[in-house]
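What follows is one structure encoded as C-alpha cells, with my remarks underneath.
Residue numbering restarts at 1 for every chain, and letters A, B, ... go by the order of the sequence lines.
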Amino acid sequence: MSAEEQAHELLLRLVGRLPGTLVWRLREWLAAGGQSSVAAVLPRELLRRRVGLTDEERELLIGSAGAWGAKPRLLDAVLPLPAPEEAPVLFAPDPVLDAAALTALAIVKSHPGTLELHQARRGGQRVLVVFGGDAPWLLTGTLQRILRAHGDRTPCVEVLPNPDPPTAYHRAAVSGSAALWRSPRLATAAS
Amino acid sequence: MDDPIHELLLRLAGRLDDDLLADARELVAVGEDGHALELVTAALAADATPLPPPVRAELVNAAAAARIDLDADAALAPAAPDTTAHRFSATADADVPVVAAVRELPNRLREGVRLRLTWRQTPAGPAPTPLPQPVLLVETAADGRPGEVLAYQVGAAMARSGVHVAVEVLTSGRPLTSYHAAALRDSTPLSGDAPLRPASPPERVESVVAEVVQQVTESHRNAPPEDAHDERPVDLFAVDEPAPRPVPMRGWQSGRRRRGFGEQAAEAEVDDDLPEADEHEPLPSPVPLARRTRPRPVGELVEQSDPLLDPTPNEGTWTDEWASGDWALAEDAPPPGSGGLTTAGGSAPGPHSSTAVPHDGRARLHEATPGDTTAGPEGAATGPLSTTPGPTGRPPGPFAAPRDAAPATPSAGPRSTTSGPQDTTARPTGAFAGPHNGTATPPAGFGVADEAHAAEQAHPDDAPVGSHALFTDQTPPAVPHSAAPVAAIPPSQPPTPDTAPPERPAGGGPAHALAEPPTGPLPVIGSPMAEALLKPEALARLSDADRELLTRLQSELAGGGANGSTGPNGAAPA
C-alpha cells in the first residue's frame, strides 16, 4: 500500500473524529500532491485535538506522514486508542440529481475502477459515497472541488476503495444513502 | 498596531481560499499564530502557489519563528512575480442578503469602521467556492481594534446571518495590496458607523433599511432608486487612496474626512490630497476604465451608492482617477480634470454613469454653475449665488460671470423660491431643472459660464478655484445649475468633451471624488420615468432623499442628452 493510499485510508477512518473543515482540506492537499503539508499538519492536529489512534491507524499514520517527514516525536505522542471510536451518525438518502450531483456523477463514471455512487444527507450536509476507484485520493480531491464550486463549503466525499466500509460512519452512510449510479461491471459480476 | 501575521494574511488574500483565510485570522485573533501559519503555509505549499519574493520571504520567516513543522522555505513554490490579477465588481445579484446581514451586525462591530462591499469575480485558491465571492472591506483606525479580531468577529457575525463573506480589515495608514486596491476600486460603500453620522436621525436610518433593500433590488431590475445624500456618512475609503503598489491609506482620524451631505466643510481636503497623488504610480485597473465609463444601456446594472442607506459618493470615480493618474494632473494644473473637478461633476458623473461625452457635457454645465452653486455651503443658495463667495472665501473669480448670469435667468426664479435656507428643497428643484435644461436647451447665459470655464482653465489660479468649487459643489448643485445652464448655453453649443479626458470626464482625482456630489452611480433611466417624476405634484410628495435621487437622475439624463432624454427635463418644475 502506497503512502498516499495509507493516508487516504487513515483520513477515511478519521472522518467524524476530526472536524470536517480539516478533513476535506487534508484530502485536498493529499490530492494536490502536498504530502509534506499533510505530514506537517495531520500529526499536530491529532495532538491538538487529543484524537487517539488505534494501532492499525497509527501504522497508517507512520506509513504516510512518517514517510513524508513528520517528526517521529510527534507521531509517538499521538494518544493510543484501544478501539475505534464510533459515534452514532444519522444519514438520510438523497436521490436528487442536482447540478452538483450530476457533475459528480459524470466524473465518477469516467474515473477508472469506480463501481457505485451514493448520495446521502447528514443533517443538511451532502455526503457522496463512491465505491471503488483507482487512486481514490485523486478522485476525492476532484469531487471535493466540484462540490465546493457548487457552494458546499465543507465537502464530504468518501471514496471507499474496498467494498467493505471501514468504519461505522461509512456503514451508516451507505445504508442511509440513495444510489445514484452503479457500474455496468457490477451488474455483470452480480449476474 | 495590527498583528504582523494579520498583515501577512492580508498580503496573502486572493492567493488562498477565503475559508482558510478566515480560519487563519480567527486563529491569529485568539493568539494561535503558529497554528494559523501552519495551515496557511501547508495550503500554499500543497497548491504550489507562487508568491512574490517579499511575501514568500516574510512567510518563511514567520513560519520559522513560529516553529511550525513544515520547512516553509523548502516546501513553498519558488518565488515568482505576482501575476494574479483579481477582478471585482461593485454589485451582484446577491447584494440584498449581504447588505441585510451587514445591517444586522452588532453596533459594536460597526462603530468606528467604514464598510465597503465588493464582489470578487475571480477564484482564489485551488478549491474556490462559487463566484462572485462577496468581500467585505472594513477600514479601521490605526488605534482601533486589531484587524484580525475585527475580521474574525465580523466574519463570524456575518456567518451567523447565513452569509459567508470574505472580510478584509484594512487599517488606516497601512499600505494596500494590489488585491485590496482592486477590491476598493470596484466596491460599494456601506454605511459602517453610526457614530460618524450624527446628522442622521435614528428614525430616518431605520426607515431606510427597507429602502436600501428596495434600492438594491430595484437596481438589479434597472429601475434605480437612490437614497438621501443627507445621511451619507463620512466615507473614509474615499479619503484614503487605494493604490496599486502599497500605498498608505490615509489616516482618517486625522480629521480629514469627507463630509457628509450637509456638513460640507472639507475644503482643505483637496489640497491635502493632491500632493500625494504623484507619489504613486497609476493603479492598474482590472476593469478597463472605458468599460466603466461607457454609456450604460437601460438594462445594465450599475454600481449603487451606499446600499445600506448612506450613499457615499462614488469611490469608483476617484479610484478610477487614481488609476489613470489624473488626479496627479489635477494637482499640478487643473487642466482637463480641472473642469470636471470644479464642476464636482460630480454629481452626475459617477464612475458608473455614462460616457465621457455626456460627462463632459455635464461637467461643463456644472462648471458654469459650479462656483455658483458651490458658493453656498449647501449649494442651495439660489438667489445670492452670484454674490456669495465660496466657503473658502475666495472671490468668485472666473466664476463670477456665470454666477451672476445664472440668477438673472428666468429659470432662476423658481429655484430661489424653492430653495430658501433649506438646501434640501432647493437641491431637488435645481436638480430637476439644472442639468437637463443645460443639456437640452442651452441658453445664452451659459455661454458665459463656458467662457468662464475656458478662462479658468487658462488661468494658473484656476486650480484653487476649482478645488473650492469642488467641495462646495458636493451638494447636489442642481439648483443653480438648473437656472444657469438653461439660460446660458447657446443652443448650438453641445456639451463638449474637450475639457475632460474621455475616460474620466468627471474630473481627476481624489479631490474630484471628494468634491463629487454624494451621488453614486446612476443607472440610466428612461425619459418617460423622469418626466413623470418631475411633475410638480409628484415633487411635492417627494422626500429630500427622493429629490436627491432625482437630482442625480437628472444629471445622468443630462449626460445622456444625446439620446434625447433631456426633453422632459426642459420642463423643470417651476
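Ranked by heavy-atom pairs under 4.5 Å with chain B, the list A/Glu28, A/Arg153, A/Lys71 is led by A/Arg153. Ranked by heavy-atom pairs under 4.5 Å with chain B, the first of A/Val41, A/Leu74, A/Thr21, A/Val38 is A/Val41.
For A/Arg44, the part lying under 4.5 angstrom from a heavy atom of chain B is the side chain only. For A/Gln35, no part lies under 4.5 angstrom from a heavy atom of chain B. If you measure heavy-atom distances from B/Pro128 to chain A, the contacts under 4.5 Å come from the backbone alone. There is no contact between B/Leu131 and chain A, counting heavy-atom distances below 4.5 Å.
The two atoms that bring A/Arg145 and B/Pro126 nearest to each other are CD-O, 3.9 Å, heavy atoms only. Residues B/Ala75 and A/Ser36 come closest through the heavy atom pair CB-OG, 4.1 Å. In plain terms, the two heavy atoms of B/Asp69 and A/Ala40 that are nearest each other are OD2-O, 3.8 Å.
Side-chain atoms of B/Asp17 and A/Arg148, non-hydrogen and from C-beta on, do get closer than 4.5 Å to each other.
Summarising the local packing, CD of A/Gln125 is surrounded by more than 12 heavy atoms from other residues, nucleotides or ligands at distances under 6.0 Å. For A/Phe131, the CZ atom is densely surrounded, since the number of other residues' heavy atoms within 6.0 Å is greater than 12.
Using a 4.5 Å heavy-atom cut-off against chain A, the contacting residues of residues 44-60 of chain B are B/Ala45, B/Ala46.
Expressed to the nearest 0.5 Å, how far CG of A/Asp152 lies from OG1 of B/Thr129 amounts to 11.0 Å.
Salt bridge B/Glu32/A/Arg48: absent, no basic N to carboxylate O contact under 4.0 Å.
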